[in-house]
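First listed ligand is number 1; within each ligand, the first listed atom is number 1.
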Amino acid sequence: MITPLEWRGGRIRFLDQTKLPTEETYVETDDPEVVADAIRQLAIRGAPLIGIAAAYGVALSASKLQTGSSNLASALQRTLDMFASTRPTAVNLFWALNRQKRILENKADHSPEVIARSLLAEALKIHEEDRGMCTRIGEQGAGLLSSDAVVLTHCNTGRLATGGSGTAQSIISTSWEHKKLKHVYIDETRPLFQGARLTAWELGRLGIPSTLITDNTAAFLMQKRIIHAVITGADRITLNGDVANKVGTYNLAVLAHYHSIPMYVAAPSSSIDFEMEDGKDIPIEQRSSVEMLQVNEKRIAPPNTQVFSPAFDVTPGSLVSAIITERGVFRAPYRDAFNAVHHEDVGVKSGIA
Ligand code: MRU
């Protein structure tokens, strides 16, 4: 079983995903800055896992500050700010940090020991909740596929990206277990090859038959009627159903629409930004030009070539056939259903419901 991140004896242990699939290297640290840097470098990646890592990072910081910190609150605010500045697009990061912030506010009058214990308990809870959400997404989504389904997926949405069995990939593995899935095509996912390096590796370990394609092969496969459904994850979903996900997702949605193939997006409710109306306001991370100009440290373009490298794009909700969450399968119009989910959550957290 792949464990990309865990809390172990007061430290965080994570798998360095930048080294996969050639090396399985684990890093163990008690330094929150190492965790923040791992998120920046994509050693820890995938929207839900980024949130989980940041929640543990805040707990780690509190446990280190227990002795001798005269101003715990401001020191922890700096930790929250540090994690908030790592990557801008996945809302799960800010959702998890907000949960830790609420703990800090609620426990403000308690001792540093109690605060540290409460932050760790919340991080463990966020991790455990995500595990359950992944399982339920798999169960909800598997029902949508016809038998002998051939699906296309993008980037990596599996164990490496979450606290459990994944989002889109949980639907893939659940359908495989239910003997409904025949084959998976994997976009290699330029520029950082999450499809080739990570998804091909995960599906291989699960024994799920898959074929790797370059990102620009999808249209050809759809034209030949080989693909029955596209399934991707999400980094941020807005109230109107717009979806930010790994760049290239929008291409797939346009192609799927043209070929009348369902385009499914799978994500936990922690990926829904209940404050944002539509996708035009989603901050899109820009990656370094080096990631495009070099592959495995070998130059593939002239050094002074100008590069445009957004990490994500935004697919309009109108191109999404359904959004599969742990709470059920949602179809347009999304706003009222998402607001109902949010009110339920807010009610549960404040003890109203
Ligand atoms: O840049 P990454 O590798 O963090 O991007 C990941 C994705 O785009 C995933 O599709 C998304 O986070 C959903 S993961 C369950």
Q: Run the numbers for me: atoms of ligand 1, each under 4.0 Å from some heavy atom of A47, listed by number.
A: 12 (O), 14 (S)

Q | Which of the ligand 1 atoms, numbered from 1, are nearer than 4.0 Å to a heavy atom of T162 | A | 15 (C)

Any donor-acceptor N or O pair under 3.5 Å, side chains [X], [Y]:
X: R299; Y: Q294; value: no
X: T189; Y: D187; value: no
X: E202; Y: Q169; value: yes

Q.
I need the contact type for L192 against ligand 1. Using non-hydrogen atoms and a strict under-4.0 Å cut-off, is it side chain, backbone, both or neither?
A. neither

Q | Per-residue contact class, K246 against ligand 1 - non-hydrogen pairs under 4.0 Å | A | both

Is there a nitrogen or oxygen of [X] sitting under 3.5 Å from a nitrogen or oxygen of ligand 1?
X: R45; answer: yes
X: A161; answer: no
X: F312; answer: no

Contact between ligand 1 and [X] is defined here as a heavy atom of the residue under 4.0 Å from a ligand atom; is it met?
X: C155; value: yes
X: T232; value: no
X: A234; value: yes
X: R87; value: yes

Q.
Would you say the rings of Y334 and F330 are close, in the sense that their centroids are separated by under 6.0 Å?
A. no

Q) Cation over ring, R197 on W201, under 6.0 Å and within 45°? A) no

Q: Look only at the side chain of K107 and the backbone of S118, and say whether a donor-acceptor pair between them is shorter than 3.5 Å.
A: no

Q) Is the count of non-hydrogen atoms from other residues, nucleotides or ligands lying under 6.0 Å from K180 atom NZ greater than 12? A) yes

